Amino acid sequence: MDRLSQALTQFGEHLARFNAREPVQYSLSALRLNTDWPWGHAKGVYCFVRGGRIQYVGRAIGSSSIGARLWSHINSLSDPAWADVINDDGTT
């Protein structure tokens with residue numbers, strides 16, 4: 001089995017063990033106001049939605065937690081288009 005096939009197989013096995021829960025939605029302004037995220041140390045999948053459209057989909061399944069990944073995205077201002085997304089109080 002080549003390395004790509006092996007990696008895909010391992011990823012599929014990891015997803016099979018993933019303990020998914022119902023989606024939860026937070027506004028970015030609420031996350032900034034209260035950074036005590038009890039779920040922040042977990043692994044998971046997340047997305048940023050603005051104006052009813054998905055702007056970005058990410059995952060925290062490796063060594064980084066979902067809280068660390070979200071915090072990184074929320075504070076990333078180098079790309080003006082992304083800054084517009086994360087500075088919009090309507091973004092969830």
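In this text the structure is predicted, and so the values were computed from the model without any measurement.
Interatomic distance, Arg50 CZ to Asn87 CG, rounded to the nearest 0.5 Å: 9.0 Å. Atoms CG and CG, from Leu31 and Leu70 in turn, are 7.0 Å apart once rounded to the nearest 0.5 Å. Once rounded to the nearest 0.5 Å, the distance linking NE2 of His73 with CD1 of Ile86 reads 10.0 Å.
Shortest non-hydrogen contact noted between Arg59 and Arg69 is O-NE, 3.5 Å. In plain terms, the two heavy atoms of Cys47 and Ile54 that are nearest each other are CB-CG2, 4.3 Å. Between Asp89 and Ser29, the closest heavy-atom pair is OD1-CB, 3.8 Å.
Hydrophobic clustering, with ILVMFWY side chains joined whenever heavy atoms are under 4.5 angstrom apart, keeps Ile66 apart from Val45. Following chains of ILVMFWY side-chain contacts shorter than 4.5 Å, one can reach Ile74 starting from Tyr46, so the two form part of one hydrophobic cluster.
Between Trp39 and Tyr26, the ring centre distance stays below 6.0 Å.
Using cut-offs of 30° and 60° for the angle between ring planes, the Phe48 and Trp82 rings count as perpendicular.
Ser65 places a side-chain N or O within donor-acceptor distance of the main-chain N or O of Gly40, the cut-off being under 3.5 Å. Judged by distance alone, with hydrogens and angles left aside, the side-chain atoms of Thr9 form a donor-acceptor pair with the main-chain N or O of Ser5 at under 3.5 Å. For Thr91 (side chain) and Leu28 (main-chain N/O), no donor-acceptor pair under 3.5 Å exists by modelled atom type.
The local environment of CZ in Arg32 is crowded, with over 12 non-hydrogen atoms from other residues, nucleotides or ligands closer than 6.0 Å.
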